[in-house]
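Before any comments, here is the structure.
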2 protein chains.
Amino acid sequence: MAYTMKDVAKRAGVSVATVSRILNGLSGYSEETKKRVNQVIDEMGYQPNAIARGLISKKTRTLAVLLPEVSDLFASEVLAGVEEEAHEKGYSVIICKTAKNGVRTMKYLQTLRENQVDGIIFMSETLTKEYYEAIRKMGASLVLVSTRSDYDIPYVKVDDRQAAYDATSYLVEKGHRSLGMLSGTEGDLIATVPRVAGFKEALCDHGLPAEEHRIAYGDFGFSSGALAMERLLRRVPDVEAVFCASDEMAVGALSLLHRKGIKVPGEISIIGYDNTRAAEMAFPPLTTMAQPLYQMGKKAVDIVLGHRSAESLLLSHQMVERETVGQR
Amino acid sequence: MAYTMKDVAKRAGVSVATVSRILNGLSGYSEETKKRVNQVIDEMGYQPNAIARGLISKKTRTLAVLLPEVSDLFASEVLAGVEEEAHEKGYSVIICKTAKNGVRTMKYLQTLRENQVDGIIFMSETLTKEYYEAIRKMGASLVLVSTRSDYDIPYVKVDDRQAAYDATSYLVEKGHRSLGMLSGTEGDLIATVPRVAGFKEALCDHGLPAEEHRIAYGDFGFSSGALAMERLLRRVPDVEAVFCASDEMAVGALSLLHRKGIKVPGEISIIGYDNTRAAEMAFPPLTTMAQPLYQMGKKAVDIVLGHRSAESLLLSHQMVERETVGQR
DNA sequence: CTGAAAGCGCTAACAA
DNA sequence: TTGTTAGCGCTTTCAG
């Protein structure tokens with residue numbers, strides 16, 4: 001059995017109250033007793049029990065991250081940022097895979113409540129009313145990452161419409177005139193609609209055709225990227241450059257193009273989105289519209305801990321030029 | 001303020017002991033009171049407080065995973081398995097990035113002790129005496145993933161030497177005679193030495209040259225793969241097939257080969273290790289020696305929870321044939 | 001400057 | 001079948 005505060009108190013010849021004060025840096029003891037108590041603590045190798053502390057303080061110094069999928073390049077990059085910042089601030093982080101499943105998510109929310117987590121970081125999904133209510137009731141603070149909601153909840157994300165607009169414009173500036181897009185899940189209000197809007201808007205503003213058939217939908221994944229690219233090729237045989245809604249889809253497209261013997265960027269230019277590790281590992285290295293994923297994770301923690309006045313953050317996107325976009 | 005058991009007891013006209021019994025499925029109450037209490041619980045939306053429960057039971061139903069890096073294809077795949085199995089068993093999982101740093105690791109271990117985690121899953125690193133002692137003192141159960149130690153601690157991993165042996169033999173069977181290896185960090189007892197040994201052994205058994213200069217060391221990462229491949233090419237210009245100690249290094253090699261205009265598998269065959277997502281996303285899709293990463297995560301949880309009698313598990317590796325190895 | 005004592009919300013003897 | 005009560009290890013008044 002590990003030592004308790006009582007043991008320390010007894011051995012140091014003081015009361016537990018005094019030990020507690022010293023441990024918590026409060027006032028109310030002499031330098032002398034402090035020294036003595038600290039010495040005893042070292043001798044005994046005493047460590048406070050965070051559970052007991054949490055029972056009283058109602059604070060557990062624990063955060064939870066809810067994400068659709070753990071083994072996902074996008075998510076794990078953000079997660080890395082969360083872990084780092086939380087660690088620096090002295091918090092632990094619990095991971096919860098929602099699998100975009102309502103029942104599973106609610107079950108997690110219940111566990112989190114029982115475990116009294118202090119804050120929740122909710123990623124890449126729509127916050128339903130049910131989720132929102134559950135979180136509100138448990139009294140945890142909340143921040144959204146890469147999504148937003150109608151409720152007044154702080155979020156940290158990139159301006160997707162603008163980023164898509166900029167990526168598309170970049171392609172146009174490189175001289176491409178027949179553009180196409182490999183989009184994410186059709187109808188996805190969070191990650192698809194704004195990007196499609198940005199894509200079309202950029203084309204319109206540049207006086208280029210923006211018909212619906214220039215957009216091939218997928219699901220953000222690698223295979224869907226290859227499939228969507230194939231469809232796009234059929235529908236727009238003269239396509240010169242393609243904006244992809246995720247790096248994974250872009251890499252899928254690259255793969256298909258390789259297979260067909262179509263040169264990138266020689267014949268077709270490809271631009272990705274996210275700047276996950278997949279982008280640097282692609283061949284040729286993928287030019288992409290970067291989201292500051294790691295930073296987003298760190299900022300989310302700052303916000304959820306209230307160090308950043310619960311303000312939403314629109315982080316800036318950035319073009320990362322590698323080798324899949326050519327000049328025409 | 002959320003309701004407590006006392007509130008429920010009062011409202012249902014029973015004692016807290018009875019409520020507790022009902023909640024924990026113990027015996028000692030009539031069907032009638034059970035019904036009434038449960039109804040009150042629903043009405044009030046009462047939820048037990050796991051912190052208070054943990055204070056008494058000394059069990060928190062929380063597991064921790066210690067890994068060198070969060071945003072790593074290998075680690076996140078294992079992590080996904082851990083999360084899934086833990087969730088099924090009703091446990092939460094805390095992530096701790098060690099960054100292969102002793103101070104950081106010890107700090108985490110202290111936090112974990114204060115938070116009374118029930119079990120620790122320690123991944124891909126050497127368990128130092130210091131770590132071991134700390135974990136033993138806190139009384140958490142422990143399991144090693146993708147590593148092992150001199151202490152008698154259960155582990156779940158693949159037989160690296162054998163897997164490397166098999167991968168190399170596969171290359172030989174395909175008719176390749178001048179082989180090379182892109183290895184991980186030189187001297188790494190866990191992930192490098194056994195694989196190098198397996199590689200050499202296979203070559204010897206097949207009567208092929210296995211000189212040290214056929215092995216180029218890197219650090220398991222993408223860039224180091226490209227660099228190592230370049231070195232290997234200089235040292236063994238006629239190399240026909242290369243066994244890589246990780247998929248990332250293999251993809252790095254692929255990248256360099258593309259750049260040099262060397263055809264894979266036409267001129268050189270490449271085989272990876274791990275079967276992470278990088279393998280399927282590579283071009284050409286990477287043939288690789290798969291480790292059952294997700295399964296390893298799940299098994300680790302089973303072991304650490306004692307559902308598997310603290311037995312070590314040597315999971316079987318498996319060749320995943322894709323398109324980077326040719327017949328000669 | 002220090003200690004006694006009352007909880008935090010729950011479990012588990014021990015009684016009844 | 002039920003209730004009473006003594007803690008779990010700690011924080012925090014309130015006295016001294």
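Sequence lines set the chain letters: A, B, ... in the order given, protein chains first and strands last, and positions in each chain run from 1.
Remark on DNA chain D: of its neighbouring residues A:V16 and B:G13, the 5'-side contact belongs to B:G13, judged by nearest-heavy-atom nucleotide. Positionally, the nearest nucleotide of DNA chain D for A:A2 lies more toward the 5' end than for the other of A:L26 and A:A2.
Closest of all the heavy-atom pairs between A:I51 and A:N49 is N-OD1, 2.7 Å.
Put simply, CG on B:N24 is 10 Å from C1' on C:dA12, counting in whole angstrom units. If you measure from atom NZ of B:K10 to atom C1' of C:dG9, you get 14 Å, rounded to the nearest angstrom. We find that NZ of A:K59 is positioned 15 Å from P of D:dT11, with the value rounded to whole Å. Following rounding to the nearest Å, A:E114 (CD) and C:dC10 (P) show an atom-to-atom distance of 10 Å. The separation between A:K35 atom NZ and C:dT2 atom P is 14 Å, rounded to whole Å. B:N115 places its CG atom 14 Å from the C1' atom of D:dG9, with the value rounded to the nearest Å. Computed from coordinates, the B:R21 CZ to C:dT11 P distance equals 11 Å when rounded to whole Å. The CG-P distance, from B:D7 to C:dC8, rounds to 11 Å in whole Å.
Checking C:dC1, D:dT11, C:dG9 against every side-chain atom of B:T4, the shortest atom distance belongs to C:dG9. For A:T18, taking side-chain heavy atoms from C-beta onward, the closest of the listed nucleotides C:dT2, C:dT11, D:dT11 is C:dT2. For B:M5, counting side-chain heavy atoms from C-beta on, the closest listed nucleotide (C:dC10, D:dC10, C:dG3) is C:dC10. Distance from the side chain of B:S30 is smallest for D:dT2 among the nucleotides D:dT2, D:dT11, C:dA12.
Less than 4.0 Å separates DNA chain D from at least one heavy atom of each of the following residues of residues 42-57 of chain B: B:L55, B:I56.
Of the side-chain N and O atoms in B:S20, one or more sit less than 4.0 angstrom from OP1 or OP2 of C:dT11. Look at B:K58 and you won't find any side-chain N or O under 4.0 angstrom from OP1 or OP2 of C:dT11. A close approach under 4.0 Å does not occur between any side-chain nitrogen or oxygen of B:T33 and OP1 or OP2 of D:dT1.
Residue A:D42 places its CG atom among more than 12 non-hydrogen atoms of other residues, nucleotides or ligands, all under 6.0 Å distant.
Using bins of under 30°, 30° to 60° and over 60° for the plane-to-plane angle, the ring pair B:F122/B:Y131 lands in the tilted bin.
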> How far apart are the C-alpha atoms of B:T62 and B:V93, what are their side-chain angles, what is the distance that settles it, and do they pass the side chain to side chain contact (heavy atoms under 4.5 Å, CB included) test?
Replying inline: CA-CA 6 Å; B:T62 298; B:V93 3; over 6 Å; no

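At a threshold of 4.0 Å, the pair A:E88-A:K298 counts as salt-bridged, since one of the basic side-chain nitrogens sits closer than that to a carboxylate oxygen.
Judged by distance alone, with hydrogens and angles left aside, the side-chain atoms of A:E83 form no donor-acceptor pair with the main-chain N or O of B:V70 at under 3.5 Å.
Among B:K107, B:E69, B:R104, B:E125, the single residue meeting the side chain to side chain donor-acceptor pair (under 3.5 Å) criterion with B:T98 is B:E125.
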